[in-house]
Amino acid sequence: MIAMLLGAAALVVGIGQKTFWAPPETVTASMPQLEGEAPLTLIESSVNDPKLDPVELVIKGKGEFTASLGRSYDVDAWVGKAAHVSVTGIDTENHQMLAELDKGEAQVPNPAGDDIFFDSQSADGTMTYRWTAPDSGDWSLLLAAGGKDAAPVDISVTYANDDAMPFALPLIIAGALLLVFGLALLVMRPGKPKNGTNTQHSVAAAAVVALALSGVNLPMQPQDDASASPSESAAKSDEASQSPSSSAPAEESASASASESAKEPTAFPVLTEEQLKNVLADVQKQVGDADEKNDDKALDARAAGAFKYLRGKRYDMLKDEFKVDKPLALNTQVLRSAAVPNTSEAKFPRVISVVTAKDNDANTLPQAMTLVQKSARDNYKVVFAGQMLPNSSFPGIAVGDPATKQLDANAKDLQMTPEKALEALGDVLTNEDSKQKDKFAESEFIKAIHAAQKSESDNADEAKVSYKRTVTKGDTYVVSTPDGGAIVAGKLNNKALFERTENADPLKSSDKLTEQLLGSSSSNGNVESTYAEPVMFYIPADGSEDKIQLISADQVLLDVKEVD
């Protein structure tokens, strides 16, 4: 009877610790008091503890603020030398956030919506943020209230409470066993013969119910091939559970997990596909708005380098009513291929090259573009854009291909360095019999340039025509391809000089634009025409039997003037 009383007491206490005496299911960690303010609050990836999954942040500010999610090294690069509060983790024992104030610049630009962030959310007063990483790797959250005001620091995290009662389950099991023991004693106590059988059956049934509730397994009736006693069977079962064969699956599982962990990439694309599509959509919008108004200042948001310079020159010609076409409209609705470098080192400037189109029609001529991000706080800007040439091809590359890397103009392991390849292309365009011509695949653009230059010489009224091409330094951008080759975007400068002989007839303008730029339909002196030739081409890997192939190229007349 005492055993049953003790068992009942143990059951009550054990069950109570799991129910009415149990601690709260969740607890909340809040921020410590910090001395001073900062324009940024950086919530590091360590706050997103997998043990607390899902992590839900409650962020409170004095007014409007934003929360921007990005890869940790990108967010760190954006923060730079700015003053910020770093939230580095959660002290689950004391239920407090771990944070400190780092001094630095008191004001920063507003980070919301910058290309380097995967997502930016805004709120007024309070935001509940469910931390969900969009991809593998470390991600951080950056809070800001416009960059001038203090960023929110009233942050709390609610998570499951691990302060469980450690003796609850042992008490329940012990209580159940004591009840069974007490019932067994009652069974063995002598009773009236007439009711003995019924009493024993009732007690046995109660014991089975108690054992079932307590989670203790009853031995099943021995099978035909089992002659061992229950105790011997249990011993064999314990030995089997500890044998090498039974532990092998666990070891294999651990090994598989370690293998998967080892295979996890350490370098990630500088842009996810979703980010890239958002960037391209905004590029099309911003450049389209500038084209509509011929506003070169509006190009600042999404254009740089040769692309911006040439487009600005075209705007000027259109404003002066020169006979020129509107610049090529950018169509980025469909992403066909993308050379997006992978890096975990956050090197800047960053370069990507893409092929886009307005639709998925196979007959639609795609466009090739190169974009550059100067620094973490800058957005991507177009430095090259042009239609792909007939019969040209761009390697099919998926966003995130780990073999894609960013290279420089002097990159090795190619048939020639990108800078040398540009110089060789300039020589091939200038001279039909260039020694470099066999290094380049057949191209309609090269043929067209040679035909145009021959026509100019034939129509030069006895004037001597010469061409001089140079590479624009600083406008060469290179991205590797998975096959070991590289995509190069750059610009050639071409000066065509028409030198009259002493008794030659006056030079005549060959087209309306030349006449407008020269300011006359003819000239009695020497004339110099200046062209820009933006190009994109593919260089095979060193040792490849393939040839350098032009992907996109154009010739743009910039100026015509008389020279001595």
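Salt bridge status for Arg302 with Asp115: present, with a side-chain N to carboxylate O gap under 4.0 Å. With respect to Asp296 and Lys308, no salt bridge is recorded, no charged nitrogen being found less than 4.0 Å from a carboxylate O. Between Lys285 and Asp289, at least one side-chain nitrogen of the basic residue sits less than 4.0 Å from a carboxylate oxygen of the acidic one, meeting the salt-bridge criterion.
The backbone N or O of Gly490 lies less than 3.5 Å from no partner atom in the side chain of Thr476, so there is not a single donor-acceptor pair. With hydrogens and angles disregarded, no donor-acceptor distance shorter than 3.5 Å links the side chain of Ser120 to the backbone of Ala112. Side-chain atoms of Gln367 come within 3.5 Å of backbone N or O of Ala329 as a donor-acceptor pair.
Residue-environment remark: CG (Asn360) stays at or below the threshold of 12 foreign heavy atoms within 6.0 Å. Enclosure of atom CD in Gln333 by more than 12 non-hydrogen atoms of other residues, nucleotides or ligands within 6.0 angstrom is indicated. In this structure, Glu56 places its CD atom where more than 12 heavy-atom neighbours from other residues, nucleotides or ligands lie under 6.0 Å away. Annotation: Asp413, atom CG; neighbour count of heavy atoms from other residues, nucleotides and ligands within 6.0 Å does not exceed 12.
In this structure, the side chains of Leu141 and Leu57 come closer than 4.5 Å at one or more pairs of heavy atoms. Between Arg350 and Pro341, every side-chain heavy-atom pair lies at or beyond the 4.5 Å cut-off. Contact check for Val75 versus Phe117: side-chain heavy atoms found under the 4.5 Å cut-off. Using a 4.5 Å cut-off on side-chain heavy atoms (C-beta onward), Phe307 and Lys381 make no contact. Using a 4.5 Å heavy-atom cutoff, the side chains of Val479 and Thr404 are in contact. At a threshold of 4.5 Å between non-hydrogen side-chain atoms, the residues Met536 and Phe394 count as touching. Within the 4.5 Å cutoff, side-chain heavy atoms of Arg311 are placed close to those of Asp291. You'll find the side chain of Asn110 reaches within 4.5 Å of the side chain of Thr66, heavy atoms only.
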Start with the C-alpha gap between Thr481 and Ile487, add the side-chain angles, then the distance that decides, and say whether side chain to side chain contact (heavy atoms under 4.5 Å, CB included) holds. CA-CA 7 Å; Thr481 55; Ile487 297 165; 3.8 Å; yes

Candidate pair Thr28 and Thr158, rule side-chain hydrogen bond (donor to acceptor under 3.5 Å, both in side chains), full reasoning: CA-CA 4 Å; Thr28 300; Thr158 300; 3.0 Å; yes

Show the numbers, then the answer: is there a side chain to side chain contact (heavy atoms under 4.5 Å, CB included) between Lys62 and Asp149? CA-CA 10 Å; Lys62 297 179 181 179; Asp149 298 327; over 6 Å; no

Output, in order, the C-alpha distance, side-chain angles, deciding distance and verdict of side chain to side chain contact (heavy atoms under 4.5 Å, CB included) for Val283 and Tyr380. CA-CA 8 Å; Val283 163; Tyr380 280 91; 5.8 Å; no

Pair Phe348-Asp378, side chain to side chain contact (heavy atoms under 4.5 Å, CB included): steps then yes or no: CA-CA 10 Å; Phe348 293 95; Asp378 287 300; over 6 Å; no

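Residues meeting the salt bridge (Lys or Arg N to Asp or Glu O under 4.0 Å) test with Asp135, sequence neighbours left out: Arg71. Remark: Val58 engages Lys60, Thr126, Thr128, Ser156 in a side chain to side chain contact (heavy atoms under 4.5 Å, CB included) (not counting sequence neighbours).
Heavy-atom minimum distance, Ala144 versus Ala151: CA-CB, 4.1 Å. When all heavy atoms of Thr364 and Ala357 are compared, the pair lying nearest together is CG2-CB, 4.2 Å.
Side-chain contact check for Thr370 and Ser353: at least one donor-acceptor pair (N or O, by modelled atom type) lies under 3.5 Å. Between the side chains of Asp114 and Trp78, a donor-acceptor pair is found at a separation under 3.5 Å. A donor and an acceptor atom, one from each side chain of Tyr538 and Asp483, are located under 3.5 Å apart. A donor atom on one side chain and an acceptor atom on the other are not found under 3.5 Å apart for Ser45 and Ser140.
Atom CD1 of Ile155 and atom CD1 of Ile43 lie 4.0 Å apart (nearest 0.5 Å). Rounded to the nearest 0.5 angstrom, Leu271 CG and Asn278 CG are separated by 10.0 Å. Between atom CG of residue Leu299 and atom CD of residue Gln286 there is a gap of 10.0 Å, rounded to the nearest 0.5 Å. Ile59 CD1 to Met127 CE: the interatomic distance, rounded to the nearest 0.5 Å, is 6.0 Å. Going from atom CG of Leu371 over to atom CG of Leu280 covers 6.5 Å, rounded to the nearest 0.5 Å. Annotation: the span from Lys347 atom NZ to Gln406 atom CD amounts to 8.5 Å, rounded to 0.5 Å.
Of the candidates Val340, Val270, Thr332, Val340 is the only one forming a side-chain contact (heavy atoms from CB on, under 4.5 Å) with Leu276.
The stretch residues 98-108 participates, sequence neighbours left out, in these side-chain hydrogen bond (donor to acceptor under 3.5 Å, both in side chains) pairs: His84-Asp102, Ser86-Asp102.
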